[in-house]
Protein chains: 2
Amino acid sequence: MAYRKTPAEIRRLEATRERLVSCATEVVTEVGWAQASVSAVADAAGIAAGSVYQHFPSKSALAVEVFRRAAGREVEVLGEVLHAPGDPVERLSRAVEVFARRALQNRGLAYALLAAPAEPAVGAERLEFRRRYRVLFAEVVRDGMTRGALPQQDDEITAAALSGAIGEVLVYPLGDPEKRAVDTFIAELTAMALRCVGAPRD
Amino acid sequence: MAYRKTPAEIRRLEATRERLVSCATEVVTEVGWAQASVSAVADAAGIAAGSVYQHFPSKSALAVEVFRRAAGREVEVLGEVLHAPGDPVERLSRAVEVFARRALQNRGLAYALLAAPAEPAVGAERLEFRRRYRVLFAEVVRDGMTRGALPQQDDEITAAALSGAIGEVLVYPLGDPEKRAVDTFIAELTAMALRCVGAPRD
DNA sequence: GAAAGAAGTGAACCATCATTCAGAGCTTCT
DNA sequence: AGAAGCTCTGAATGATGGTTCACTTCTTTC
């Protein structure tokens with residue numbers, strides 16, 4: 001045998017792949033899925049368009065990877081907050097705040113994940129992640145009902161409503177972003193979410 | 001002058017245009033915006049692809065017309081119910097029911113209007129119609145607050161949340177459509193909407 | 001240093017549609 | 001009937017952008 005990938009070479013290839021994914025994420029964040037052409041992404045990563053195909057079998061596969069990474073982080077964070085011990089209402093409240101703060105911190109990415117027009121493969125992935133959000137929310141709602149902290153309700157409908165409501169409010173933030181203080185905005189959003197699950201009023 | 005459109009001829013052309021719009025709506029309902037190519041739509045209407053351009057300057061213009069017609073009907077219906085005289089909570093409740101029933105009656109169209117991937121021109125139109133939904137919901141929420149029927153809240157956030165929540169619940173109806181009785185589903189959805197605005201509990 | 005094999009390049013290729021257009025077929029009016 | 005002007009057709013055109021591939025460049029091994 002005259003050639004065998006050396007560990008350093010493997011690392012270098014993996015690093016290139018990582019860079020490709022993260023540059024693609026940036027491009028998508030900035031210009032959306034539709035405008036993120038293979039050559040734009042390749043340029044951003046400093047490689048030729050053809051080289052993308054050394055790392056991914058198709059543009060779709062790269063797009064799905066980008067989506068999974070970014071969406072996966074969000075689901076993970078949300079899951080941690082929601083699975084923390086303690087009062088379900090308190091956990092939901094914190095989860096909404098964390099989710100909203102992260103989305104407002106990186107609006108471009110939030111929009112890309114939640115609502116931006118995308119090719120079918122990414123759309124399918126989005127469905128899957130929405131499902132995960134619903135599962136997480138449904139758990140905390142069920143928990144609240146079990147503990148008697150929340151009124152009886154259809155946990156799956158409430159969960160879908162929560163993810164839809166929060167997404168809509170965050171994606172089309174109302175009015176001038178500067179005008180409305182972020183904290184006030186988040187407080188109102190959280191209050192809405194708590195009303196939505198029927199949490200006891202103060 | 002040797003030729004002038006006769007009234008009958010004008011009617012015939014308008015009828016063709018109407019047929020084109022309604023056939024396009026059907027195609028979009030069935031296969032979504034992405035798959036609704038000019039030739040597919042023309043075939044459905046029984047005309048040649050080129051003839052579409054006798055009635056619309058571009059595919060986008062036709063798509064926008066299709067969207068406006070269908071979405072306009074929904075906004076109108078919703079507006080009528082929400083503007084009826086009477087208790088705001090009652091009006092909201094009826095509005096959610098009407099909206100949901102119509103959406104479930106024609107899921108394909110509901111999906112096309114609310115969430116299906118679409119070209120930018122349709123996306124822009126969708127934003128405009130979402131804004132109209134928000135305006136309608138915000139009005140009823142304000143009305144409720146004024147009358148003391150609803151707790152103080154940010155009407156715009158609640159309105160966005162309502163439209164997002166209802167849309168999400170309807171677009172990804174949970175489980176088998178047959179399994180869950182439509183009436184139960186709608187009752188739960190309505191209950192959620194009322195909690196969301198903080199309506200007094202029974 | 002040279003052979004073997006992999007990665008990287010980017011211009012050419014190709015598929016997909018929206019759009020155009022030259023000609024065929026109608027309708028209107030004299 | 002015939003001229004004029006319109007609608008309709010559908011194959012050709014054109015733009016876009018993902019994908020391929022012959023070639024170059026780099027790495028490894030001996």
Side-chain angles (χ1 to χ4, degrees), chain A residues 1-21 23-24 27-28 31-67 116-123, chain B residues 1-21 23-24 27-28 31-67 116-123:
Chain A
M1 60 189 166
Y3 182 93
R4 173 161 278 245
K5 279 179 199 163
T6 200
E9 187 68 0
I10 290 173
R11 267 199 306 282
R12 189 184 63 79
L13 286 173
E14 273 170 6
T16 301
R17 196 189 134 105
E18 287 306 303
R19 188 156 42 81
L20 181 53
V21 172
C23 289
V27 173
V28 167
V31 303
W33 301 98
Q35 304 289 323
S37 66
V38 170
S39 48
V41 167
D43 283 356
I47 62 177
S51 300
V52 168
Y53 293 82
Q54 299 264 337
H55 303 283
F56 294 94
S58 70
K59 181 193 170 163
S60 283
L62 169 56
V64 165
E65 178 80 14
V66 165
F67 189 96
E119 63 209 284
V122 170
Chain B
M1 60 190 164
Y3 183 94
R4 173 163 279 245
K5 278 179 200 164
T6 199
E9 187 69 358
I10 290 173
R11 267 200 306 282
R12 190 183 62 79
L13 286 174
E14 274 171 5
T16 301
R17 194 188 134 107
E18 286 306 303
R19 190 156 40 82
L20 182 53
V21 172
C23 288
V27 173
V28 167
V31 303
W33 301 97
Q35 303 289 325
S37 66
V38 171
S39 50
V41 167
D43 282 356
I47 62 177
S51 300
V52 169
Y53 294 82
Q54 299 260 336
H55 303 283
F56 294 93
S58 69
K59 181 193 171 162
S60 282
L62 169 56
V64 165
E65 177 81 13
V66 165
F67 189 95
E119 62 209 285
V122 170

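Throughout, protein chains are lettered first and strands after them, A, B, ... in sequence-line order, and every chain is numbered starting at 1. Quick caveat, the model's predicted, so the values are computed rather than measured.
Under the side-chain contact (heavy atoms from CB on, under 4.5 Å) criterion, A61(A) pairs with F56(A), P57(A), S58(A), not counting sequence neighbours. When the side-chain hydrogen bond (donor to acceptor under 3.5 Å, both in side chains) test is applied to S60(A), the partners found at least two apart in sequence or on another chain are E119(A). Every residue was checked against the side-chain contact (heavy atoms from CB on, under 4.5 Å) condition with A15(A), not counting sequence neighbours, and none meets it. For E14(B), there are no side-chain hydrogen bond (donor to acceptor under 3.5 Å, both in side chains) partners, not counting sequence neighbours. For E9(B), the salt bridge (charged side-chain N to carboxylate O under 4.0 Å, His left out) criterion is met by R12(B), not counting sequence neighbours.
One can place CZ of R4(B) at 15 Å from C1' of dT30(C), the figure rounded to the nearest angstrom. Atom CG in L62(A) sits about 16 Å away from atom P in dG17(D), given to the nearest Å.
Between H55(A) and T16(A), the shortest heavy-atom distance links the atoms NE2-CG2, 3.6 Å. Between W33(B) and A116(B), the shortest heavy-atom distance links the atoms CD1-CB, 3.8 Å.
The shortest distance between the side-chain N/O atoms of K5(B) and the OP1/OP2 oxygens of dT7(D) is below 4.0 Å.
Looking at residues 36-45 of chain B, you'll see that no heavy atom sits under 4.0 Å from any atom of DNA chain D. For DNA chain D, the neighbouring residues in residues 10-21 of chain B, judged by any heavy atom under 4.0 Å, are R12(B), L13(B).
Listed by first and then second residue, the salt bridge (charged side-chain N to carboxylate O under 4.0 Å, His left out) pairs that reach into residues 49-66 of chain A are R17(A)-E65(A), E65(A)-R69(A), sequence neighbours excluded.
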Can you tabulate the close N/O pairs, meaning under 3.5 Å, that link protein atoms to atoms of nucleotides 9-12 of chain D?
{"residue": "dT9(D)", "atom": "OP2", "partner": "A48(B)", "partner atom": "N", "Å": "2.8"}
{"residue": "dT9(D)", "atom": "OP2", "partner": "S51(B)", "partner atom": "OG", "Å": "2.8"}

Tell me which donor-acceptor pairs under 3.5 Å the side chains of residues 35-50 of chain B have, and how far apart each pair is, sequence neighbours excluded?
{"residue": "S37(B)", "atom": "OG", "partner": "S39(B)", "partner atom": "OG", "Å": "3.4"}
{"residue": "S37(B)", "atom": "OG", "partner": "A40(B)", "partner atom": "N", "Å": "3.2"}

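Nearer to the 5' terminus of DNA chain C, by closest-nucleotide assignment, is the contact made by K59(B) (compared with the other of K59(B) and E9(B)).
Rounded to the nearest 0.5 Å, atoms CZ (R11(A)) and OG1 (T6(A)) are 8.5 Å apart.
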